[in-house]
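In what follows, a structure is listed as structure tokens, so that the remarks can point back to it.
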Amino acid sequence: MDTILAMPILEMRGITKTFPGVNALDNVNLTVREGEIHAVVGENGAGKSTLMKVLSGVYPHGSYSGEIHYKGEERRFRDISDSEKLGIIIIHQELALVPLLSIAENIFLGNEPARNGVINWAESFARTKALLQKVGLKESPSALITNLGVGKQQLVEIAKALSKEVKLLILDEPTASLNESDSDALLNLLMEFRRQGISSILISHKLNEILKVADSVTILRDGATVDTLDCHKEEVNEDRIIRNMVGRELTDRYPKRDPKIGDPIFEVKNWHVFDAIHADKEKIKGVDFHVRKGEVVGIAGLMGAGRTELAMSIFGRAYGQNISGEVRMHGKPVDVSTIQKAMHNGIAYVTEDRKNYGLVLIDDIKHNVTLANLKGVSSNAVIDDGRELAVASKYRKDLNIRCSSVFQQTVNLSGGNQQKVVLSKWLFTEPEILILDEPTRGIDVGAKYEIYTIINALADSGKGVIVISSEMPELLGISDRIYVMNEGRFVAEMPAKEASQEKIMRAIMKSWED
Amino acid sequence: MTHQAAAAEDTGSHSSLSRFIKSNIREYGMLLSLIVIMVFFQIMTNGTLFKPLNLTNLILQNSYIVIMALGMLLVIVAGHIDLSVGSVVGFVGAVAAVMMVQFHIHFIPTTIVCLILGGAIGAGQGYFIAYFKIPSFIVTLAGMLVFKGLALYILHGQSVGPFPKEFQLLSSGFLPNFLPGTFNSTSLLIGVAVTVLVIFFNFKDRQNQQKHSTAEEPFPFFIGRNILIAAGFIMFSYLLSSYKGLPNVLIVMFALIAAYAFITSSTTIGRRIYALGGNEKAARLSGIRTERLTFYTFMNMGVLAGLAGLIFAARLNTATPKAGLGFELDVIAAVFIGGASASGGVGKVIGAVIGAFIMGVMNNGMSILGIGIDLQQVIKGLVLLAAVCIDVYYKKKS
């Protein structure tokens with residue numbers, strides 16, 4: 001193939017991007033040649049999406065360091081429209097379509113063929129028709145987006161990109177929510193674009209797909225480029241990519257613990273959950289699991305595997321509908337049909353989204369800590385300020401929450417300290433089972449270690465802890481036992497001692513192939 | 001002596017003082033604005049504003065706004081709005097009139113029925129808002145039309161009155177004087193007693209704060225605030241006593257203010273309402289029954305609107321189809337002037353009360369000055385806008 005000789009269309013050199021307390025990208029290099037499909041792979045949190053946001057101008061020039069060269073010139077994008085003008089189009093994992101507008105309206109949104117502000121509908125429909133033909137979508141331009149399946153919506157997004165004369169198409173996990181045949185159609189479309197000279201950057205977890213279409217693969221890990229492989233020059237296989245993706249050594253980033261594991265205290269049997277909006281879509285397809293006293297159980301899986309949905313549906317049906325199955329505590333079935341009942345039965349759920357679901361950000365630490373157990377600081381519905389203050393101060397000390405005082409608004413705390421406030425809130429309800437959903441997302445290494453220490457202390461005190469995490473090293477480091485979840489099912493279970501990242505990844509890959 | 005104590009207390013930490021001022025500037029600013037507005041109109045009206053007769057009128061005119069502002073504060077803190085309260089005032093007043101005047105029902109059962117009716121109206125609207133998730137703006141806009149229409153319907157477009165004497169006392173009655181003399185010394189004594197009680201609770205509160213070393217307010221501020229409160233209260237009750245004494249409605253209003261201040265600051269249900277408005281999703285996941293709480297908030301608003309309807313009808317001594325017209329605007333404005341946030345989770349009872357009095361004093365003062373109703377509305381609108389602008393400004397700064 002002559003792609004080897006092709007000139008680079010894009011070179012990103014030494015890109016470094018930091019967020020408060022986190023180094024998201026550290027000297028990342030990415031070179032995409034004209035007319036190739038370039039895959040970018042890495043674990044969740046490796047920096048793929050951040051890199052694409054830098055490229056497309058979501059993070060404007062000046063908010064990162066390093067250079068972007070595109071079509072032979074250095075570019076300094078101030079926003080998305082700057083990069084779009086030059087034909088760099090990004091299609092996000094969450095599609096950016098307006099559901100109640102038609103295909104044609106969506107494709108030309110913000111870019112309507114118009115004269116003096118009056119839209120030329122005939123032209124817009126005709127052009128839409130041509131674009132839909134190109135992407136192989138047999139729908140009327142006036143069909144509403146909300147009536148299309150996800151696969152077709154994806155194609156509309158691509159048609160929209162084509163309408164802007166795309167030169168470099170970026171797809172972030174385009175097949176994550178597609179079924180087999182839709183995925184294949186999409187990949188074929190990408191190969192068709194390659195023939196037409198359009199370059200693509202494909203971000204995906206599905207390595208089999210990448211091996212099928214990619215010309216080269218760049219692997220990111222912990223915000224740094226690990227390797228770039230040329231699929232035409234060298235032997236590239238899944239094993240090699242996985243090893244590179246997860247290749248870091250586990251040193252003592254996880255506090256030691258000597259687990260004392262007892263009898264099962266928490267069991268979930270034959271758990272089924274349907275999507276909160278689409279009642280016919282089964283999200284959790286019959287899950288069985290248990291947690292023993294003093295045990296830390298990890299649930300591994302990729303984004304969208306259904307882990308959060310599982311946890312929230314157990315926690316008082318906070319997610320989903322038509323939920324069926326059984327929950328047992330200490331061998332006895334318990335009612336978890338409302339959040340109050342779930343809490344009453346000793347279940348606590350620490351959300352993955354602490355800003356939207358965990359904290360009242362405009363309120364102070366003290367009020368947030370006691371919110372889930374106001375009974376514990378009040379008598380006859382009157383809050384005892386002194387007792388409340390004592391409780392908040394105790395958790396501040398125990399969990400080492402760094403703040404000026406417990407009267408500080410939680411919005412002003414760092415991510416790690418916010419997470420400790422949410423943890424305090426749930427510890428104060430004195431649960432027996434604590435479900436932690438991505439407990440260390442977006443917090444720095446030091447705070448992570450502290451959170452792990454808290455998790456260990458909880459397990460040692462005889463509670464059962466469930467940790468959902470997309471960071472596999474973390475799960476391996478802190479769990480006693482790991483379940484692997486994919487597409488609404490538990491596809492593997494292994495003691496942490498025997499588990500490895502390769503094993504987890506293989507279990508996920510295998511479940512796709514089955 | 002107090003000076004030394006004060007100096008010892010803030011141990012020269014200039015930053016904590018400035019932080020305190022920064023974080024409380026809104027509340028002090030509000031009180032200060034009210035005082036400035038009062039002094040301004042006192043001067044402009046050549047002392048008419050504080051004449052005992054006018055002061056009494058001012059309270060009677062504002063009582064129903066203040067009472068509804070208490071309920072509206074909770075509604076707004078919970079992240080909602082209630083546009084129907086003006087119409088509910090008119091409707092409940094009409095029902096009371098029909099019951100007492102046309103059916104000759106005694107005023108006590110009438111009052112009870114009317115309060116229950118108000119609660120039922122609030123509950124009905126709250127049901128759609130809480131459980132059907134219909135935006136409160138829409139539900140209460142519908143309610144506004146429905147109850148305005150119903151008031152017209154049951155009054156047949158006529159005014160109905162007058163009311164029995166006992167019922168009128170709700171609005172026009174005064175605390176009788178049990179002591180000799182034309183000066184109502186009983187009222188003054190009660191005023192002084194309440195003042196002492198308020199100061200006593202303030203000191204107790206502060207003592208409690210000091211015990212947990214959380215007293216943030218510098219001692220001079222604390223003393224100054226209390227002196228101001230005491231002076232205000234006593235002057236106020238002295239002036240009222242020199243006319244007819246404390247109006248009945250003032251006593252009702254004061255009891256309600258105290259109760260709601262306590263509920264919002266010290267009870268679990270109050271705390272939950274703030275959490276609900278601050279972040280509904282987080283509140284729900286913390287085990288708060290957010291739907292039920294929203295429902296109760298609107299039911300409470302309905303009861304207070306019903307009470308306001310009775311007071312207003314008693315004051316006019318007649319129920320008219322136009323009663324309550326536009327009250328919702330004054331009530332909502334009072335709560336926002338009082339520092340509540342339109343996005344929910346923020347707001348204080350005392351702020352809403354001060355907000356209501358700022359509106360009331362302006363209404364009264366401008367009327368005395370003979371400013372037309374047209375210009376009055378323009379000025380009130382601008383004051384509301386300015387108050388919210390100041391809020392946003394300080395929020396951005398901190």
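Labels below follow one simple rule: chain letters A, B, ... track the order of the sequence lines, proteins then strands, and each chain is numbered from 1.
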With a cut-off of 6.0 Å (strictly less than), are more than 12 heavy atoms of other residues, nucleotides or ligands near CZ of B:Phe336?
yes

I'd like to know which of B:Ser265, B:Ser266, B:Ala275 tops the heavy-atom pair count under 4.5 Å against chain A.
B:Ser266

Once you round to the nearest 0.5 Å, how far does CG of A:Leu371 lie from CZ of B:Arg272?
8.0 Å

Just one of B:Thr268, B:Ile269, B:Thr267 clears the side chain to side chain contact (heavy atoms under 4.5 Å, CB included) bar with A:Leu374, so which one?
B:Thr268

Counting heavy-atom pairs under 4.5 Å with chain B, which one of A:Phe407, A:Tyr349, A:Trp426 comes out on top?
A:Trp426

For A:Glu326, does the CD atom sit with more than 12 other heavy atoms under 6.0 Å from it, leaving out its own atoms?
yes

Without swapping roles, check the side chain of B:Asn279 against the backbone of A:Gly358 for a donor-acceptor pair under 3.5 Å.
no

Using heavy-atom distances under 4.5 Å, tell me whether B:Ile288 contacts chain A through its side chain, its backbone, both, or neither.
both

Please tell me if the side chains of B:Tyr274 and A:Ile362 come closer than 4.5 Å, counting only heavy atoms from C-beta onward.
no

Give, as side chain, backbone, both or neither, the part of A:Leu389 having an atom under 4.5 angstrom from any heavy atom of chain B.
side chain

Give, for atom OG1 of A:Thr338 and atom CZ of B:Arg289, the distance between the pair rounded to the nearest 0.5 Å.
6.5 Å

Taking atom NZ of B:Lys133 as the centre, report whether more than 12 heavy atoms of other residues, nucleotides or ligands fall under 6.0 Å from it.
yes

Inspect the surroundings of NE2 in A:His92 and state if more than 12 heavy atoms from other residues, nucleotides or ligands are less than 6.0 Å away.
yes

Between CZ of B:Arg271 and OG1 of A:Thr370, what distance do you get to the nearest 0.5 Å?
5.0 Å

For a 4.5 angstrom cut-off between non-hydrogen side-chain atoms, does A:Met312 reach B:Leu285?
yes

Under the side-chain hydrogen bond (donor to acceptor under 3.5 Å, both in side chains) rule, what do B:Ser286 and A:Lys425 come out as? Steps first, then yes or no, please.
CA-CA 9 Å; B:Ser286 301; A:Lys425 173 170 84 175; 2.7 Å; yes

Top contributor to chain B interface from A:Glu388, A:His344, A:Arg354, A:Lys375 [non-hydrogen pairs under 4.5 Å]:
A:Glu388

Against chain B, work out which of A:Ile339, A:Asn373, A:Asp353, A:Ile383 has the most heavy-atom pairs shorter than 4.5 Å and name it.
A:Ile383

Assess whether atom CZ of A:Phe274 is packed by more than 12 heavy atoms of other residues, nucleotides or ligands within 6.0 Å.
yes

Report, as yes or no, whether the 6.0 Å neighbourhood of atom OH on B:Tyr131 holds more than 12 heavy atoms from other residues, nucleotides or ligands.
yes

